[in-house]
Amino acid sequence: MTFWQENYGFVKEVYDFRCSKYLEWMDNIEAIIGKVMANTQYTAKEFKIIKDTFTSLCRDLDKEGTKSWLDMMLEKLSAHSSEGEENLSGRDKAVKAQEKKKLEAMIERHTGLMGPTMEAQSKVDHYSECYAFGDDIHPVMKVLNEQRHLSCKEIHPHNMDMCEEQIDKQEKVLRTIENQAPIYNELMRRGLKLKANPNAPSFLEREIKKLEETWKDTNEKAQERINLLNDAFKDWEIYEQQRQAIYTPIEALEEQYKTYKRIYDPKKGTDWLERKKKKAEEFKKTGLEIYDIIKKSFTTIITLAGDDKREFMEKDIIEIDERRTIFEKVDKMLAELTEFNQKLHKFVNTLAELRAWMMPACEKLNFITTSTDLSPEDRVKEIFDLQGQVNERLPLLEPLEAEAHALLDRNLVQPEKPEEGQTNETALAHMREFHTIKETIQDLHEKVEMEAGSITQDQKYFAEYLYGVKNFKPWMEEAETVIKTQLNKPAKLEDAKALLEEVKKFETACQENKGKLDAASESRSKMEKQTKADNEVETLNGRWSLAKKTADERVAKVQALCDTWSELQKVTEGLTETIANIPGSSAPDVATLEVIFKKFKEINDKKVKLLSTI
């Protein structure tokens, strides 16, 4: 029995053991390569274990001796497993072929592992640095997140001290963030360098982006918070300053309001009101400007302090609002005093107008009743004219008396505090003036009515007739002089237009004065007992008709002249333009020129004829 036959079982057992170890090694290295290349984010410590395992397995990467030994042993075991027999049986041949195929598959698998293993070897060191980078950013991220939380958490400072305390805390947050800047910059430089490597894992970009965004967001939130606190602190300072300052114009208005009163001299009252209004407007403008600043500052303050502090903090604003009602009181009182002053002006002016009319009216009545120079008809006319004036003013007395009591009674009952020598004597003087005017006008009315009552209706109508005729005659004589005077012949169109305005004015005067004559005729016709005196209206009507006829003829002639002259001017301009265009025309329109010239001649002849009739 040969060596192989004697030791076949042992050798075969060794061969199978080495095959199983070979397979186990390939399983292990495939598994560890999968972990290395999985792009799963590990901690640096976890990846170090994976890296060490991978490095250990890679030491056995060269399995060429193992492969040769297995191949040789497979041949020897196959060749000597049936030593002494002439030929291998079919079953042994099949087993040999199967083992051979199995060994080749293991060798082929080993060869296939070379590429992934080499790739993993090329990346494992860089991956190790990337995982270490991921671990190194965690402390910075923790600090940044803590400072961001401090910058975002709710704070409700409701006074200057609390606001200043929060500013100190936020400045500490900013210093902490600033202290992290060198570490952050170094990590970003390191991360970008690792990212530039083609073998950089995808998680590295996420880590860099997360670090960058956290840094940016933390800085923004911290800066927003410090800006908000600084603005709030400034608003607190403004609020405290202006909250005291607003009482200066308010108190000034309150003092001024105490001095408001009625001034019974319209002129002094107007000047006094203008001074008060000017001062009040200045105080009010200053107060409103300060109030707007206070409200604006308070809005910022309360936003930070929170609504739960609103009721507590609004006490000062409510107090200011209550004191600020003086603005409305001043406006209302000044409006009332202005209205009083305007009514007083009107009242005093009305008294002055009545007095200005009243005294000459009394003198006129005295003249009418005592003069021997007035004709009977003039006396009647003057009496009735004066009666009309008195009756026109008499209805004014009752509302004027009511206005006098409304304006003056308050002062007469309770004299007010004098200012600049102004006392209730002015109001008393106005009231005395009114009563004097009232009594005088009423007395004048009684006397005029007595005089008018002594005149019969026929006497009144006859006086109106005579008065109308008397007033008409001077115009009639003047008009007859005008119609006997020849019109000036105009030399140009402008003169013709001026002449047209003149004759139209005369024609209008004829129409207006005819009304006076008609009124005189109507008054005579109303008399119950007709007078034996001649009726001059008929004769004057004939003279007026002649004047009116002449006026109408003159208006018609001059109007026709103006229209013809204006048309001639337009045709002349057209003719001049047509003639001026002939030298520049290759084929002048002579027919049109002849038509225009013919029309020009016709209108000019008409104008000459009309001029001869003027």
Side-chain angles (χ1 to χ4, degrees), residues 262-270 338-415 422-468 470-471 516 519 523 526:
R262 294 183 174 188
I263 305 295
Y264 290 93
D265 184 320
K267 178 65 173 63
K268 289 183 178 179
T270 301
T338 301
E339 183 182 3
F340 167 79
N341 184 258
Q342 290 170 349
K343 289 180 177 180
L344 184 64
H345 257 291
K346 185 178 179 181
F347 173 76
V348 171
N349 289 339
T350 303
L351 292 181
E353 290 171 2
L354 288 175
R355 175 170 281 278
W357 165 83
M358 180 182 71
M359 300 313 294
C362 291
E363 294 173 2
K364 186 175 182 180
L365 178 62
N366 185 54
F367 173 75
I368 292 171
T369 55
T370 59
S371 176
T372 56
D373 297 332
L374 279 177
S375 63
E377 62 273 13
D378 285 340
R379 178 178 174 277
V380 170
K381 177 63 180 173
E382 292 296 336
I383 283 292
F384 281 109
D385 281 349
L386 189 57
Q387 184 187 39
Q389 293 177 28
V390 173
N391 290 336
E392 181 182 349
R393 287 162 177 79
L394 197 62
L396 299 177
L397 296 178
E398 185 177 349
L400 197 62
E401 185 172 12
E403 187 73 4
H405 288 299
L407 293 172
L408 306 174
D409 279 356
R410 173 181 171 185
N411 181 265
L412 299 177
V413 174
Q414 181 62 48
Q422 175 66 45
T423 68
N424 64 335
E425 284 299 320
T426 305
L428 289 170
H430 291 321
M431 187 62 82
R432 285 195 294 266
E433 174 73 357
F434 167 73
H435 285 304
T436 300
I437 290 172
K438 176 184 176 184
E439 292 169 1
T440 304
I441 292 177
Q442 287 176 340
D443 182 57
L444 183 62
H445 175 256
E446 291 175 2
K447 291 178 180 179
V448 169
E449 289 297 319
M450 186 183 297
E451 291 294 328
S454 65
I455 300 170
T456 65
Q457 193 66 34
D458 278 357
Q459 286 176 322
K460 177 184 175 184
Y461 288 142
F462 189 66
E464 289 176 351
Y465 157 74
L466 290 176
Y467 189 81
K470 183 179 178 180
N471 282 337
K516 298 177 182 178
S523 294
K526 288 180 179 179

Gap separating the [atom1] atom of [X] from the [atom2] atom of [Y], nearest 0.5 angstrom:
X	Y	atom1	atom2	answer
T350	I437	OG1	CD1	9.5 Å
N391	R393	CG	CZ	10.5 Å
L407	F340	CG	CZ	5.5 Å
H405	L400	NE2	CG	10.5 Å
Q442	T440	CD	OG1	9.5 Å
E398	K438	CD	NZ	9.0 Å

Inset, instruction - Name all residues meeting the salt bridge (charged side-chain N to carboxylate O under 4.0 Å, His left out) criterion together with E403; count only those two or more places apart in sequence or in a different chain, and write none if there are none. - result: none
Of the non-hydrogen atoms in [X] and [Y], which two are nearest, and what is the gap between them?
X	Y	result
I441	L354	CD1-CD2, 4.1 Å
M431	L408	N-CD1, 3.8 Å
H430	P266	NE2-CD, 4.2 Å
A361	L444	CB-CD2, 3.7 Å

Legend entry - Residues L386, L365; criterion side chain to side chain contact (heavy atoms under 4.5 Å, CB included); working and verdict: CA-CA 8 Å; L386 189 57; L365 178 62; 3.7 Å; yes
Legend entry - N349 side chain near K346 side chain, heavy-atom distance below 4.5 Å: no
Inset, instruction - Walk me through it: do H345 and K267 pass the test side chain to side chain contact (heavy atoms under 4.5 Å, CB included)? - result: CA-CA 8 Å; H345 257 291; K267 178 65 173 63; 5.6 Å; no
Inset, instruction - Using the test side-chain hydrogen bond (donor to acceptor under 3.5 Å, both in side chains), find all partners of Q389 that sit at least two apart in sequence or belong to another chain. - result: W357
Inset, instruction - Please check if the side chain of N366 supplies one atom and the backbone of C362 the other of a donor-acceptor pair under 3.5 Å. - result: no
Legend entry - With F347 via ring pair (Phe, Tyr, Trp, His ring centres under 6.0 Å) - residues at least two apart: none
Inset, instruction - Decide yes or no on side chain to side chain contact (heavy atoms under 4.5 Å, CB included) for D443 and E439, but give the supporting numbers first. - result: CA-CA 6 Å; D443 182 57; E439 292 169 1; over 6 Å; no
